[in-house]
Amino acid sequence: MRRRLLLLLPLIGFLVLGVFLYMGLSINPFERDSALMARPFPSFELTTLEDPERVVDESLLEGEVTLVNVWGEWCPTCKQEMPQLLDLAERGVRLVGVDYKDTREKGSDFLREFGNPFEVNIFDPEGSLGFDLGVYGAPETFLVDRDGIIRYHHTGYIRPEDVRETILPEVEAWR
């Protein structure tokens, strides 16, 4: 009898492994929360896209609720998202861009072609700030409160309904 139970161990192990695999496959990667939620925006010291002589740091994000959008010229989804960002800027939401793993020339061309909703664009050609933010890829958006604390994280493309149903209510909640 005991020997028969030992023969069932591989089957039990397979079933347990199958349950863990099924649970892992059912997780939506776009619904993951940032590990930085409720923590200060990471420290950085980078130049702006517009002015290679102007150095900015995390103090740029203090004093006003700000959406920080990580984008890049190489990102096709960022092009689709730009009308929603322009809409948010027109509604009075302060936006700061992070031009992620891009060249200064291509980033500037992108903004000329698709519009520039950002008050400032942080130039992050090596992706160091993106790494500190835990960015998987562009676009990703972080809501930072007036104290420089990350309060909301949106992974991927901001759809028009996301502006109405999620982003604007989050901005209002933290103003």
Side-chain angles (χ1 to χ4, degrees), residues 28-52 54-75 77-102 104 107-108 110-111 114-175:
N28 183 348
F30 292 108
E31 293 178 359
R32 68 176 172 79
D33 279 336
S34 169
L36 297 176
M37 292 294 288
R39 293 187 175 183
F41 196 86
S43 297
F44 68 93
E45 197 167 287
L46 294 165
T47 63
T48 65
L49 177 66
E50 295 83 3
D51 182 358
R54 182 179 173 203
V55 176
V56 291
D57 61 23
E58 66 278 6
S59 67
L60 173 72
L61 304 172
E62 294 175 359
E64 190 174 348
V65 173
T66 305
L67 276 181
V68 178
N69 179 262
V70 179
W71 63 274
E73 179 276 334
W74 47 267
C75 163
T77 309
C78 297
K79 296 169 187 165
Q80 294 175 318
E81 182 180 61
M82 196 54 79
Q84 287 73 254
L85 297 178
L86 290 164
D87 181 35
L88 285 164
E90 286 178 13
R91 293 173 187 244
V93 176
R94 181 180 188 232
L95 283 108
V96 168
V98 176
D99 186 13
Y100 178 66
K101 292 188 174 182
D102 218 343
R104 200 173 289 278
S108 297
F110 177 88
L111 294 176
F114 295 98
N116 186 357
F118 305 110
E119 184 178 300
V120 175
N121 279 288
I122 302 164
F123 186 54
D124 187 19
E126 304 299 322
S128 60
L129 179 55
F131 180 80
D132 290 345
L133 285 167
V135 169
Y136 281 70
E140 288 197 32
T141 305
F142 298 85
L143 176 66
V144 181
D145 73 10
R146 65 183 65 224
D147 297 322
I149 307 295
I150 294 174
R151 297 298 182 181
Y152 172 76
H153 175 228
H154 187 95
T155 304
Y157 165 69
I158 295 176
R159 300 169 301 161
E161 56 267 27
D162 292 331
V163 170
R164 291 185 313 271
E165 297 168 9
T166 308
I167 305 290
L168 285 173
E170 285 288 338
V171 168
E172 289 305 318
W174 292 103
R175 278 189 169 159

Kindly write out the residues that satisfy side-chain contact (heavy atoms from CB on, under 4.5 Å) with Leu168, not counting sequence neighbours, or none if the list is empty.
Leu88, Arg91, Val93, Val163
Neighbour count >12 (heavy atoms, 6.0 Å) for atom CD, Glu45
no
Taking the side chain as C-beta and beyond, is there a heavy-atom pair between Gln84 and Asp162 under 4.5 Å?
no
Compare every heavy atom of Glu73 with every heavy atom of Gly107, then report the nearest pair and how far apart it is.
N-CB, 4.4 Å
Quick one: closest heavy-atom pair of Pro42 and Leu133, and the distance?
CD-CD2, 3.6 Å
Residues 123-131 side chain polar contacts: donor-acceptor under 3.5 Å, at least two apart:
residue	atom	partner	partner atom	Å
Asp124	OD1	Gly127	N	3.2
Asp124	OD1	Ser128	N	2.9
Asp124	OD1	Ser128	OG	3.4
Asp124	OD1	Leu129	N	3.3
Asp124	OD2	Leu129	N	3.2
Asp124	OD2	Gly130	N	3.0

How close do Ala138 and Cys78 get, heavy atom to heavy atom, and via which atoms?
CB-SG, 3.8 Å
Measure from the side-chain N and O atoms of Asp145 to the backbone N and O of Asp147, and report whether any donor-acceptor pair falls under 3.5 Å.
yes
Judged by atom type as modelled, is there a donor-acceptor pair below 3.5 Å linking the side chain of Asn116 to the main-chain atoms of Leu111?
no
Would you check if Thr155 and Tyr136 make a side-chain contact, meaning some heavy-atom pair closer than 4.5 Å?
no
d(Lys101 NZ, Cys75 SG) to nearest 0.5 Å is 13.0 Å
Roughly how far apart are Leu143 CG and Trp174 CH2, rounded to 0.5 Å?
8.0 Å
Please name the pair of heavy atoms, one in Glu140 and one in Gly137, separated by the smallest distance, quoted to 0.1 Å.
CG-O, 3.3 Å
Phe110: partners by ring pair (Phe, Tyr, Trp, His ring centres under 6.0 Å), with sequence neighbours left out
Trp71, Phe114
Can you check whether Met37 reaches His153 side chain to side chain, under 4.5 Å on heavy atoms?
yes
dist Asp99:CG -> Arg104:CZ (nearest 0.5 Å) comes out at 9.0 Å
Quick one: closest heavy-atom pair of Gly97 and Phe118, and the distance?
N-CD2, 3.3 Å
Between Leu85 and Pro117, what is the shortest heavy-atom contact and its length?
O-CB, 3.5 Å
Among all residues two or more places apart in sequence or in another chain, which pass the side-chain contact (heavy atoms from CB on, under 4.5 Å) test with Ser43?
Glu58
Under 3.5 Å, which donor-acceptor pairs do the side chains of residues 63-70 form with other protein atoms, sequence neighbours left out?
residue	atom	partner	partner atom	Å
Thr66	OG1	Glu64	O	2.9
Thr66	OG1	Arg94	NH1	2.8
Asn69	ND2	Glu81	OE1	3.2
Asn69	ND2	Thr141	OG1	2.8

Within a strict 4.5 Å, meaning less than it, do heavy atoms of the Thr166 and Ile158 side chains meet?
no
Under the rule for side-chain contact (heavy atoms from CB on, under 4.5 Å), what residues qualify as partners of Val56, not counting sequence neighbours?
Phe44, Thr48, Arg54, Leu60, Ile122
Do other residues, nucleotides or ligands put more than 12 heavy atoms under 6.0 Å from the CZ atom of Arg175?
yes
Are Ile167 and Tyr152 packed together at the side-chain level, in the sense that at least one heavy-atom pair is separated by less than 4.5 angstrom?
yes
